[in-house]
Q: 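Take a look at this one; I'll ask things after.
All figures in this text were calculated on a predicted structure; none of them were measured in a lab. Chain letters run A, B, ... following the sequence lines, proteins first, then strands; residues in each count from 1.
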There are 2 protein chains.
Amino acid sequence: MAETGTTTPRERYRAQVQAEIKERAWEQIAAAGASALSLNAIAKQMGMSGPALYRYFAGRDELITELVRDAYRSLADAFRAASAAGGGLTGLAHTLRDWALDDPQRYFLVYGTPVPGYHAPDDVTTIASEIMTALLDACADLPADGPPTPLAAHLEGLGDQWTTGHPAPPAALHRALTCWTRLHGVLSLELAGHFNGMGFDPTLLFTAELDTLTGASAN
Amino acid sequence: MAETGTTTPRERYRAQVQAEIKERAWEQIAAAGASALSLNAIAKQMGMSGPALYRYFAGRDELITELVRDAYRSLADAFRAASAAGGGLTGLAHTLRDWALDDPQRYFLVYGTPVPGYHAPDDVTTIASEIMTALLDACADLPADGPPTPLAAHLEGLGDQWTTGHPAPPAALHRALTCWTRLHGVLSLELAGHFNGMGFDPTLLFTAELDTLTGASAN
DNA sequence: TTGCGTTCGTTAGAAGTTGTAACGCAGACC
DNA sequence: GGTCTGCGTTACAACTTCTAACGAACGCAA
C-alpha cells in the first residue's frame with residue numbers, strides 16, 4: 001500500500017482512468033462481443049466526450065490489443081497459481097475451464113476467430129509461451145505411456161522454441177499439444193453454444209477428454 | 001439446364017444479383033474477416049449505390065446469416081459426398097480439413113466466435129444436425145473398443161435428438177462427439193495461427209489425432 | 001504564493017458506416 | 001399501349017472512429 005513507487009498524482013489518475021476504460025470495455029465485450037465494442041459508448045458511460053478516450057488509447061485497435069494482453073496475462077497468472085498449487089495436469093485443465101467459463105468472450109479474445117490482417121505484438125507471444133511452459137511442465141511430469149509416436153519424432157527438440165529454452169522429451173511435447181487441442185476443442189464448442197439442445201452435460205465431455213489425457217486407460 | 005422452372009426474368013436477375021453480392025461478401029470476409037464486411041464497399045464494387053443492396057438483403061445481419069447458411073450447406077454437401085464415396089471416418093475428417101483450409105474464414109463463420117445476442121435460425125440447426133448425422137454414421141460403422149465409458153452411459157438415447165430420429169449406440173455417440181471436438185480443436189488453433197512459429201507441421205498433428213480416433217491403438 | 005508548462009477534456013469537423021424515405025425510370029405483363 | 005411492380009437513385013438521419021484546435025485545470029518549481 002505504502003509502496004506506490006514514484007508515481008506522480010497525474011500518473012495515478014491516468015492509470016485509474018485507463019483501468020476504468022478497460023473495465024467498461026470488458027463489460028461491453030461480455031455483453032455483445034468484441035466487434036461491438038464502441039469507444040463512444042464507453043466515453044458516454046464514463047460521463048465524458050468521445051475524443052477524450054484518445055488521450056488514453058491511440059484507438060480502438062490499441063484498446064483491444066491491451067485487453068488481449070490482459071486476457072493472456074490473466075490466464076498465465078491462473079496457470080502459474082495452479083502449477084504452484086501442485087494440481088498437475090488435472091489442476092491446470094480445470095483452471096483453464098473455470099477461467100473460460102468465467103468470461104467466455106475473454107476466452108474467445110485469446111483463442112477465438114482471428115482477424116486476418118492482425119499480428120499480435122511480441123510480448124503477447126511471450127506470455128503465450130509462458131502458458132505453454134506451464135502446460136509442458138505438467139505433461140513432462142506424467143509417466144510416458146505407449147510407444148513413441150511418429151509425431152513425437154517430428155517434434156524432437158522443438159520444445160525450446162515454444163517455451164523459453166525449455167528442453168522436454170518429444171513425448172511430452174506431443175502430449176502438451178494434444179492437451180491443448182483437445183481441451184480447446186471441447187471448450188470452444190461449448191462456449192460457442194454448439195452443444196445447446198443436445199441434452200448432455202459438457203462438463204462430462206470435458207472430464208472424459210481430460211481422463212484420456214491423464215489416465216492410464218487411453219482412448 | 002432447360003429446367004429453370006417457372007422463373008420470371010425479374011426473378012432470374014434478382015437471383016443473379018443476390019449471388020454476386022454474396023460472392024463479393026465472401027471475398028471481403030476472406031480478406032478481412034466477417035466483422036469488416038461492408039455493404040457500402042460491396043455496392044461500390046458492383047458499381048451501384050449503397051442503399052440499392054437493401055432491395056436484396058434486409059441488412060448486414062441478414063446477409064451474414066445467409067452466408068452462414070451457405071457455409072453450413074457447403075459443409076453438409078461435402079460430408080454427404082464423402083459419405084457416398086465411402087471414405088469412412090477418415091474420409092470425413094480429411095473432407096473437413098480440406099473444407100476448412102479452403103476458406104478459413106468460412107470455417108470460423110460456422111465454428112468460430114459467436115456473437116452473444118445472436119441466435120441461429122431453425123434451418124441452420126437442421127443442416128447442422130445433418131452434418132452430425134454423417135459423422136455419427138461414420139462412427140457407428142467402427143468397431144467398439146474398450147469398456148463403455150461413463151459419458152456413454154450419460155449419452156444413452158440422446159442420438160435422435162441430435163440427428164433426425166437416428167438411433168445410435170451410446171459408444172458411437174461418444175465417439176462422434178470426441179471426433180468433433182478433437183478435430184475442431186486442432187483445426188481451429190491451426191487456422192487461427194496459434195501454431196505459427198512452433199516449427200511443426202499441423203497436418204501431422206491432425207492425422208495423429210485422427211489415428212487415435214480410428215485406429216486400434218489409442219492414446 | 002505566483003507563475004509556467006504539461007496534460008486533460010472540450011467542441012468542431014472529416015470520413016466512414018448502416019439504414020430509411022421519397023422520387024423517377026424502366027421493364028414486365030395484360 | 002397503359003398500368004403496375006420493382007429497381008436504383010439521391011437525400012438524409014444517426015451512428016461510428018479519429019484529427020485538430022482551443023481552453024481550462026492541475027502539478028511543479030521558483
Q: Which nucleotide wins on minimum distance to the side chain of B/Ser38, given the candidates C/dG19, C/dT17, D/dT17?
A: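 When the side chain of B/Ser38 is considered, C/dT17 is the closest of C/dG19, C/dT17, D/dT17.
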
Q: Nearest whole angstrom, please: distance from the P of C/dC8 to the CD of A/Gln16.
A: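 Result: 13 Å.
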
Q: How close do B/Ala34 and B/Ile29 get, counting heavy atoms only, and between which atoms?
A: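 Smallest interatomic distance, heavy atoms only, reads CA-CG1, 3.9 Å.
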
Q: Give the B/S/- string for nucleotides 25-30 of chain C, one per nucleotide from 5' to 3', where a protein heavy atom under 4.0 Å of the base yields B, of only the sugar-phosphate yields S, and otherwise -.
A: --BSS-

Q: Check the phosphate of D/dC7 against B/Arg14, side-chain N and O only, distance under 4.0 Å to OP1 or OP2. Yes or no?
A: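 B/Arg14 to D/dC7 OP1/OP2: side-chain N or O found under 4.0 Å.
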
Q: Could you label the plane-to-plane angle of the A/His184 and B/His184 rings as parallel, tilted or perpendicular, counting under 30° as parallel and over 60° as perpendicular?
A: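 Aromatic pair A/His184/B/His184 classed parallel.
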
Q: Measure the distance from CZ on B/Arg60 to C1' on C/dG19 and round it to the nearest whole Å.
A: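 Distance check: B/Arg60 CZ to C/dG19 C1' gives 13 Å.
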
Q: What's the closest nucleotide to the B/Pro51 side chain, out of C/dA21, D/dT17, D/dG8?
A: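 Nearest to the side chain of B/Pro51 among the choices is C/dA21.
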
Q: Just how far, in rounded Å, is C1' of C/dT18 from CD1 of B/Ile21?
A: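 Roughly 15 Å, once rounded to whole Å.
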
Q: What is the distance, to the nearest angstrom, from the CG atom on B/Asp61 to the P atom on C/dG19?
A: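 My rounded result for the distance is 6 Å.
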
Q: Just by distance, no angles: are the side chains of B/Asn40 and B/Ser38 close enough, under 3.5 Å, to form a donor-acceptor pair?
A: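 Short answer, no.
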
Q: Tell me which pairs pass salt bridge (charged side-chain N to carboxylate O under 4.0 Å, His left out) where either residue lies in residues 29-47 of chain B, with sequence neighbours left out.
A: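 Residue pairs passing salt bridge (charged side-chain N to carboxylate O under 4.0 Å, His left out), neighbours aside: none found.
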
Q: Return the set of residues passing side chain to side chain donor-acceptor pair (under 3.5 Å) with A/Gln28 (not counting sequence neighbours), or none when no residue passes.
A: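 Per chain and number, A/Gln28 pairs via side chain to side chain donor-acceptor pair (under 3.5 Å) with no residue.
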
Q: How many whole angstroms separate atom CD of B/Glu11 from atom P of D/dC7?
A: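 Answer to the nearest Å: 10 Å.
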
Q: Provide, to the nearest angstrom, the distance between the CD1 atom belonging to B/Ile42 and the P atom belonging to C/dT17.
A: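 After rounding, the gap between these two atoms is 11 Å.
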
Q: Without decimals, in angstroms, what is the distance between A/Met48 CE and C/dT10 P?
A: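 So the CE-P distance, A/Met48 to C/dT10, works out to 7 Å.
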
Q: Hey, is the side chain of B/Asn40 poking within less than 4.0 Å of OP1 or OP2 on C/dT18, counting only N and O atoms?
A: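 Checking C/dT18 against B/Asn40, a side-chain N or O does come within under 4.0 Å of OP1 or OP2.
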
Q: Check every strand shown and say whether B/Ser49 touches a base, only sugar-phosphate, or nothing at a heavy-atom separation below 4.0 Å.
A: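 Base contact.
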
Q: Under the 3.5 angstrom rule, does the side chain of A/His194 hit a backbone N or O of A/Glu190 as a donor-acceptor pair?
A: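 The answer is no, because no donor-acceptor pair under 3.5 Å joins these two groups.
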
Q: Which is true for B/Arg55 with a 4.0 Å heavy-atom rule: it touches a base, it touches only sugar-phosphate, or it touches nothing?
A: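 Contact class for B/Arg55: base.
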
Q: Examine C/dG9: is either OP1 or OP2 under 4.0 Å from a nitrogen or oxygen in the side chain of A/Tyr13? Give yes or no.
A: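 Indeed, a polar side-chain atom of A/Tyr13 lies that close.
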
Q: Can you check whether B/Arg55's main-chain N or O pairs, donor with acceptor, with B/Arg14's side chain at less than 3.5 Å?
A: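 Judged by distance alone, yes, a pair lies under 3.5 Å.
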
Q: To the nearest Å, give me how far apart CG (A/Leu53) and C1' (D/dA20) are.
A: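 Distance check: A/Leu53 CG to D/dA20 C1' gives 17 Å.
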
Q: Answer with base, sugar-phosphate or nothing: what part of the nucleic acid does A/Phe57 contact at a heavy-atom distance below 4.0 Å?
A: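 The residue A/Phe57 makes no contact with any strand.
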
